[in-house]
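This structure is in structure tokens; I'll ask about it shortly.
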Number of protein chains: 2
Amino acid sequence: MPTIKDVAKKAGVTVTTVSRVLNNRGYISEVTRKKVYEAMKELNYQPNELARSLYRKKSYLIGLLIPNVSHPFFAELTSFIEYYAYQEGYKILLCNSGQDSSKEKEYIDMLKRHQVDGIIIGSHTLEAEQYLNVKLPIVAIDRYYSNIPYVASDNYKGGILATKLLIQKGCKKIAHISGPLILNTPANNRYKAFKDVATQEGVEHYVVETKLNSFEIEEFKKIVRDLFKEHPDIDGIFASGDLIAASVISVAKELNKKIPQDLKIVGYDDINVANLVVPSLTTVRQPIKEIARKAIELILRQIDGEKVEKENILPITLIERETT
Amino acid sequence: MPTIKDVAKKAGVTVTTVSRVLNNRGYISEVTRKKVYEAMKELNYQPNELARSLYRKKSYLIGLLIPNVSHPFFAELTSFIEYYAYQEGYKILLCNSGQDSSKEKEYIDMLKRHQVDGIIIGSHTLEAEQYLNVKLPIVAIDRYYSNIPYVASDNYKGGILATKLLIQKGCKKIAHISGPLILNTPANNRYKAFKDVATQEGVEHYVVETKLNSFEIEEFKKIVRDLFKEHPDIDGIFASGDLIAASVISVAKELNKKIPQDLKIVGYDDINVANLVVPSLTTVRQPIKEIARKAIELILRQIDGEKVEKENILPITLIERETT
DNA sequence: TAGATATGCCAACTATAAAAGACGTAGCGA
DNA sequence: TCGCTACGTCTTTTATAGTTGGCATATCTA
């Protein structure tokens, strides 16, 4: 790999001049500039970003810590985050914590060692202490913690709309399949909204919880099968995620339940899969692209030393398709 | 952020001593070691990986260049690649090229500037020249190029099995929905196998091609609708990807075609979605996990200066589910 | 002739690593 | 007993690739 010295030698100037050309600083004649550019091209020179980062104390790296990219929601989110980061000249260091809090801790330390300029965290197991002694800019996605700013969709409203839709469409016995409720996350507002609406409307209702580590479709299916075993006459399900909702469709087929006649389903997220399954999923659309954009915006503003709002709630939309 | 100097000062030794403790090199008395560790702990010190990388000429970073993580196949692949990389102490810099060759070029330059130790490329638009002047270790996934080692599933055999299954199950008029055939990729062997088997067995057959940039479900559906408009009596489809196959299911429902009675479908990949849709997809399973493992293995061996085999074909499996 | 423009030179700086050297002590042979 | 080597521990110096600032030295222009 050629260094700035090789370029200087080839162009017949000093490293100072090359550095000036690279950074557009000081006075440079067009002739010299051209010579330097030509030398760089000939040598196929790429400035060593490590050395620059070291000096500037800025790496243009953002750490993205999520449970798992293989989950469509995080995959889509990651894609948009990468998109916006790239537009601003930042790069993404990808970390899958696998919902394992020790791996999460290790990853945060690793990201610090690599001098990332900020961390976007969409992972859920971490305890208080580990966040707090990180002085880096952080943005959480769908997660509360102390004074760390977070981005989330309007989960409570989403839960209201979903539950109301089921009742309005005539469901008499409804269930909610929630994420892990032990964690204090914004997503739990979906659960709260479900409870609130069902109680208020006087509709019989149940809640089942998915486990912390289950991203496996077979596990989701098992949960749904167990639910129907206990309550075969459930006629409406609000699932806290489209993947779970799709699993409900799959199990409903096994049990010969007609959708939406015998069973109505509302998901959450509106990932691409929601429009791919048959029947297509009615779901609460999270603005994934906007969540990504907001997260990047909040990180960059913190990197620039700005204070940012702690709460960043983005609007949801109820998308009615064929399962209701 | 505390530096090694701060630790040295706190422990009452020189930076060299701290460095020795950190790197387990040379002679260190237990007393000194303990003092240093205590100082590191007190200061919550994390060695600056940028400075280490600069000196060592090794970053422990691997660039991953793919069309888009939001596609489930790449999402699952990325997840495994990250998993194996992490096990070996490497980190992943994620780049979505969006199938745009200029962005691809920019990304490769960026990765070089960041001194990545190697690049895994699953992207498809890049031209010859741009690869060649990269002296970095590279591994391609599902892509041929000159003397760059690649990993791919046994596409030809997969195509054979898929096509034979359709014919064996009684299909009389079959179609293949391929990826973009302009690119010279291993995936085109699915197309070749389809042609070969259909011709050999004397079965009427058609091929439609998806466009380069279409990862959009609506685009897939449109392609399928057009196919059925032209050939309403097609009774078997081999789709070159599960997402396309799922789109076929969706369109078949629109057209009131019964699966598998009126229409049989075989996909390719066996992403999680294949088992989620209803009816569940018969598909050719690519060993995504093994592809990831192999790609990391090949990159690491190249980083260590080893020569590696150019061709790395991994076995596929036909998974029969409900669409055949 | 002053000021702007253009370039060079040198040193300091970023955080860490590693080779070489310094220092005191111990062991051993002549 | 002197001189040599070995040893363990720590320091000094140099290196990594690039940035920056001060200062010197030109040349050009108003």
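Heavy-atom basis, side chains included; hydrogens, waters and symmetry copies ignored.
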B:Thr16 side-chain proximity, nearest of C:dG8, C:dA19, D:dT19: C:dA19

By the 4.0 Å heavy-atom rule, please label A:Ser53 as base, sugar-phosphate, or nothing. nothing

Per B:Arg20 side chain, nearest of listed nucleotides C:dC13, C:dT5, C:dA20: C:dA20

With sugar-phosphate meaning primed atoms plus P, OP1 and OP2, does B:Gly12 contact a base, only sugar-phosphate, or nothing at under 4.0 Å between heavy atoms? nothing

Please pick, from D:dT9, D:dT11, D:dT16, the nucleotide with the shortest atom-to-atom distance to any side-chain atom of B:Lys57. D:dT16

A:Tyr144 and A:Tyr150 aromatic centres sub-6.0 Å: yes

How would you label the contact of A:Thr3 with the nucleic acid (heavy atoms, under 4.0 Å): base, sugar-phosphate, or nothing? sugar-phosphate

Hey, are A:Glu297 and A:Arg301 close enough for a salt bridge, meaning a charged N less than 4.0 Å from a carboxylate O? yes

So what does A:Ser19 hit on the nucleic acid, given a heavy-atom distance under 4.0 Å: a base, only sugar-phosphate, or nothing? base

Just to be sure I understand the rule, does B:Val15 reach a base, reach only the sugar-phosphate, or reach nothing, if contact means heavy atoms closer than 4.0 Å? nothing

Ring geometry between A:Tyr107 and B:Tyr86 (parallel below 30°, tilted from 30 to 60°, perpendicular above 60°): tilted

Please determine if a side-chain N or O atom of A:Tyr27 lies less than 4.0 Å away from the OP1 or OP2 oxygen of C:dT5. yes

Looking at the side chain of A:Asn23, which of D:dT20, C:dT14, D:dC10 is the nearest nucleotide? D:dT20

By nearest atom, which of the nucleotides C:dT5, C:dT16, D:dT16 is closest to the B:Leu54 side chain? D:dT16

Would you classify A:Ile28 as touching base, sugar-phosphate or nothing, given that sugar-phosphate means primed atoms plus P, OP1 and OP2, and contacts are heavy atoms under 4.0 Å? sugar-phosphate

